[in-house]
Amino acid sequence: MTTISWLLLAAIHVLPGLAFVRPAMISQLYGVEPSSESFLLLQHRAALFLVVAAVCVWAALRPETRQLAVVVVGMSIISFLVLFGLGGSPTSLRLIAIVDAAALIPLALVAWRAFAKV
């Protein structure tokens, strides 16, 4: 169940990460034109999502990395949820917030498993 949870967390992060290798997705998903400075930031954001996904896959394969992976993934998910709430819970970002809120379940499982052995 732990490995499946890590791979689920990887999948959640790889989806927005695809915009790094398919920059046209940035315009489709966010309505930001390639000439905008925000486009560059969103592409960088996508690259960071791929890093988080890679960390999740690594944690699925290497138990000794799981504590650090919990911190990385937890910061990704929880920071968005906090910012979403502080930002007035914009309707356009609600689906992302729902997915991240659901991701708290596998995150809690892997966190418990990673830190219970300390």
Side-chain angles (χ1 to χ4, degrees):
M1 194 64 168
T2 301
T3 301
I4 291 170
S5 295
W6 279 116
L7 295 176
L8 177 62
L9 290 166
I12 288 168
H13 285 86
V14 83
L15 292 175
L18 292 176
F20 179 71
V21 294
R22 294 198 57 219
M25 288 178 64
I26 294 170
S27 297
Q28 294 168 346
L29 294 172
Y30 307 112
V32 177
E33 294 302 318
S35 59
S36 168
E37 291 176 1
S38 297
F39 190 90
L40 178 62
L41 286 173
L42 289 170
Q43 195 169 17
H44 180 256
R45 174 184 176 270
L48 292 175
F49 274 115
L50 289 178
V51 170
V52 174
V55 167
C56 291
V57 171
W58 193 6
L61 301 173
R62 303 291 302 263
E64 66 273 13
T65 66
R66 290 179 179 166
Q67 289 179 343
L68 180 58
V70 166
V71 173
V72 170
V73 178
M75 289 179 70
S76 173
I77 293 170
I78 294 168
S79 67
F80 175 75
L81 291 172
V82 168
L83 291 170
F84 176 76
L86 292 174
S89 304
T91 306
S92 62
L93 301 177
R94 186 168 290 146
L95 179 59
I96 297 168
I98 290 168
V99 171
D100 274 11
L104 291 173
I105 296 168
L107 177 62
L109 173 75
V110 298
W112 177 73
R113 297 267 175 116
F115 288 98
K117 297 177 182 178
V118 175

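Values in this document were obtained by computation on a predicted structure and should not be read as measured data.
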Next item on the list: Check side chain to side chain contact (heavy atoms under 4.5 Å, CB included) between Leu104 and all other residues, then give those that pass, not counting sequence neighbours.
Entry: Ile77, Ile78, Leu81, Leu107
Nearest 0.5 Å, please: how far is [atom2] in [Y] from [atom1] in [X]?
X      : Y      : atom1 : atom2 : value
Phe84  : Ile98  : CZ    : CD1   : 7.5 Å
Ser89  : Arg94  : OG    : CZ    : 7.0 Å
Leu109 : Ile105 : CG    : CD1   : 10.5 Å
Phe20  : Arg45  : CZ    : CZ    : 14.0 Å
Leu42  : Tyr30  : CG    : OH    : 6.5 Å
Leu7   : Thr2   : CG    : OG1   : 11.0 Å

Specify the closest pair of heavy atoms between [X] and [Y], including all atoms of both residues, with the distance to one decimal.
X      : Y      : result
Pro106 : Ala102 : CD-O, 3.3 Å
Phe115 : Val70  : CE1-CG1, 3.8 Å
Met25  : Leu15  : CE-O, 4.2 Å
Ser76  : Asp100 : O-OD2, 4.5 Å
Leu9   : His13  : O-ND1, 3.0 Å

Notebook entry, point to check: Can you tell if the side chain of Phe39 reaches within under 4.5 Å of the side chain of Glu33, non-hydrogen atoms only?
Noted result: no
Next item on the list: Report yes if some heavy atom in the side chain of Trp6 is under 4.5 Å from a heavy atom in the side chain of Arg113; otherwise report no.
Entry: no
Next item on the list: Identify whether Leu8 and Val99 are in the same connected component of the hydrophobic contact network (ILVMFWY, side-chain heavy atoms under 4.5 Å).
Entry: yes
Next item on the list: Find out if a path of hydrophobic residues (ILVMFWY) with successive side-chain heavy-atom gaps under 4.5 Å connects Ile26 to Leu18.
Entry: yes
Margin query: With a 3.5 Å distance limit and no angle check, can you tell me whether Arg66 reaches the backbone of Ala60 through a side-chain donor-acceptor pair?
Written below: yes
Check: Take atom CD in Glu37; do more than 12 heavy atoms of anything else shown fall under 6.0 Å from it?
Finding: no
